[in-house]
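Take a look at the structure below.
Below, chains carry the letters A, B, ... as their sequence lines are ordered, and counting in each starts from 1.
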Amino acid sequence: MVMAKVEVGAAPSLNVAERADGRSASQLRPLSLSRGLLTRAHGSATWSQENTTVLAAVYGPKPAAMKKENAERAIIEVVWRAKSGLSGSYEKDAEVVVRRSLEYIILTALHPNTAISVILQVINDDGSLLACAMNAACAALVDAGIPLNGLLSAVSCGVTHDGQVFLDPTKPEEQKCKAYVSFVFPSRRLSAVPELPADVDGEPVEYGILTSVTRGAMEVEEYFSCVENCRAAAAKVSEFSRSSIEQSLKGNRDGC
Amino acid sequence: MTITGGIAEADAASATMEVEAYKRLYPLQFYERHLDSDVRPDGRPLTRARPTSVNLGSIATADGSALVKIGNTTMLAGVKLEVITPSTASPNQGQVAVDFQMPSICSPLVRPGRPAEAAWVVSEQLSNALVSSNFVNLQQLCIVPGKAAWIAYVDVYCLDADGSLLDAALLAAVAALTHLQLPAVKVTETGRVVPLKNHNGDAGQEVDSIAKKNEDQIVKSRQRLERSSMPIALTCVSHRKHLLADPSAEEESILQMSLTVIMDTSGRLISFYKPGGAVAATSATVKDCIELTKKRVAEVNSIFEEAYEEACGTEMMVE
């Protein structure tokens, strides 16, 4: 049973110019990523955007359950564990969104008849949870060495009652704003893969919206403004995760 | 039809094979050849939705109900009212609880037992759409502030799952809520909510007479929910440069990228739901989908108004 509750009444207005944590509208919270925290998992990562933290673990490719097995490709399972309580429709929906987004980057045809499980444990939710989980899942896949055709970068943004767009809302901001949106974009590909087209319909690949999940009602123009803002921020997120991976790979080499 | 697209093997096979066999062996090529000639296997142009019908008041025992068909996809929605004590956080509001069920009768993919994955997704998106659009004025569901309020249980059953489930489920839920009538009740001195007798619509007179007799007794007359702008969904699937509106289950399974846009009758965007997929949507695709949804909202709204007029128009005059 899903309870749909709506708060009606004068919503406290949100001033983008004076955010509680002193950020500007187009500023993300400090990102942090650490990988390889779990010893038994094939790959793991925590991704935090200040107080929002998600731990992701990846197992596989491993034998798939008989009825799910696919002879042509690996299947992907995603388990979303809430911070507390049983999983309801929000968690199930998030699992589907994450799984279908990851299917875009995982080269599933390389491991037929197997399963790749991604387990997401929410450590703390202070807004922009879906984006944080998506980034954590992507980093854990890299850590596990699963063959990917690229990276993903996820960003979310909110829309205030007077139509202003601000990035990376915290939990109180999500509750106060009119609507908020989570996006996933494919990251820009650095290595030139000859068989992949660089542009789709005259747009670079990283401009394509892979995933979009919205809460709350907004005008169509506001949605497009969200797309623009998040697209710009996604480039920064992608840069951050790429440099973080490069650093740790360098660290590994030095250690050997 | 001229042969275009498809792999060489499929092309060679198509010259000798029967249509049914070709469709089974090369489903994607089968679709691509249709799409290249701007037609779908069921004869629709690419951007046309299937015939849609709305029937209000299909369940006599529910307080509000609707049966919606979009092509073969069939959804039955019923609303049941119960009296609750409102929460202290919002003492002058009632509640709406949405539940979506996919019994195993609706599709070969659904097995009895645990709810199917699709059921969770539709359930979550359905309640998100109702919450985001503020379709129900929750203050109207209040009977006595802080003491009693209505909770509306909206149950949507999928009877036949042939694609675009969210579109049909949302239309059914919204139609059932529009058809819903809050019954005439009085609140006794002890705080109990008692229904007033209702013989062919003479409850209105009874309400008046009680109100005259006993001024301090709280009486609520029978009423429908206020009509506000209605959220309407359109699912689109895209394949290469083609964009198809309102896909059937077969189209959804073969063409991998699907997204659902929900807009309301006043032009607001309620939801843009694209859960990953094999292809990322370009700006042009996003714009096209929103345009298609705008058209669809107008189309469904007129179908709905007709059904509403038919079911509730005469009733209103009697009252």
Separation of Lys274(B) NZ from Arg100(A) CZ (nearest 0.5 Å):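 Answer rounded to 0.5 Å: 8.0 Å.
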
In Å and rounded to the nearest 0.5 Å, what is the CE to OG distance from Met218(A) to Ser132(B)?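 These two atoms lie 8.5 Å from each other.
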
Is it the side chain or the backbone of Met257(B) that comes within 4.5 Å of chain A heavy atoms, both, or neither?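 For Met257(B), there is no contact with chain A at all, as no heavy atom is under 4.5 Å.
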
With only heavy atoms counted, which part of Ser266(B) is less than 4.5 Å from chain A, the side chain, the backbone, both or neither?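 Neither part.
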
Between [Y] and [X], is there a side-chain heavy-atom distance shorter than 4.5 Å?
{"X": "Glu117(B)", "Y": "Arg99(A)", "answer": "yes"}
{"X": "Val261(B)", "Y": "Tyr223(A)", "answer": "no"}
{"X": "Glu219(A)", "Y": "Arg268(B)", "answer": "yes"}
{"X": "Val286(B)", "Y": "Val227(A)", "answer": "no"}

Please classify the contact of Val213(A) with chain B as side chain, backbone, both or neither, using a heavy-atom distance under 4.5 Å.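 Both the backbone and the side chain of Val213(A) come within 4.5 Å of chain B.
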
Measuring heavy-atom distances to chain B, does Phe224(A) have an atom under 4.5 Å in its side chain, in its backbone, in both, or in neither?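 The side chain, not the backbone.
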
Quick check for you: among Gly216(A), Ser101(A), Gly208(A), Ala94(A), which has the greatest number of heavy-atom pairs under 4.5 Å with chain B?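 Going by pairs under 4.5 Å, I would pick Gly216(A).
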
Closest contact, heavy atoms only, Tyr90(A) versus Glu124(B):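 The pair with the smallest heavy-atom distance is N-OE1, 3.4 Å.
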
Applying the side chain to side chain contact (heavy atoms under 4.5 Å, CB included) criterion to Val220(A), which one of Met263(B), Lys287(B), Glu291(B) satisfies it?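 For Val220(A), the side chain to side chain contact (heavy atoms under 4.5 Å, CB included) check succeeds only for Met263(B).
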
Is the count of non-hydrogen atoms from other residues, nucleotides or ligands lying under 6.0 Å from [X] atom [atom1] greater than 12?
{"X": "Arg227(B)", "atom1": "CZ", "answer": "yes"}
{"X": "Arg231(A)", "atom1": "CZ", "answer": "yes"}
{"X": "Tyr104(A)", "atom1": "OH", "answer": "yes"}

Check: Thr214(A) side chain, Phe272(B) main-chain N or O, donor-acceptor pair, under 3.5 Å: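 Flag set: sc Thr214(A) to bb Phe272(B) pair under 3.5 Å.
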
Just give me the residue among Asn128(B), Ile270(B), Val121(B) that pairs up with chain A most often, heavy atom to heavy atom, under 4.5 Å.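 Option with the greatest count: Asn128(B).
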
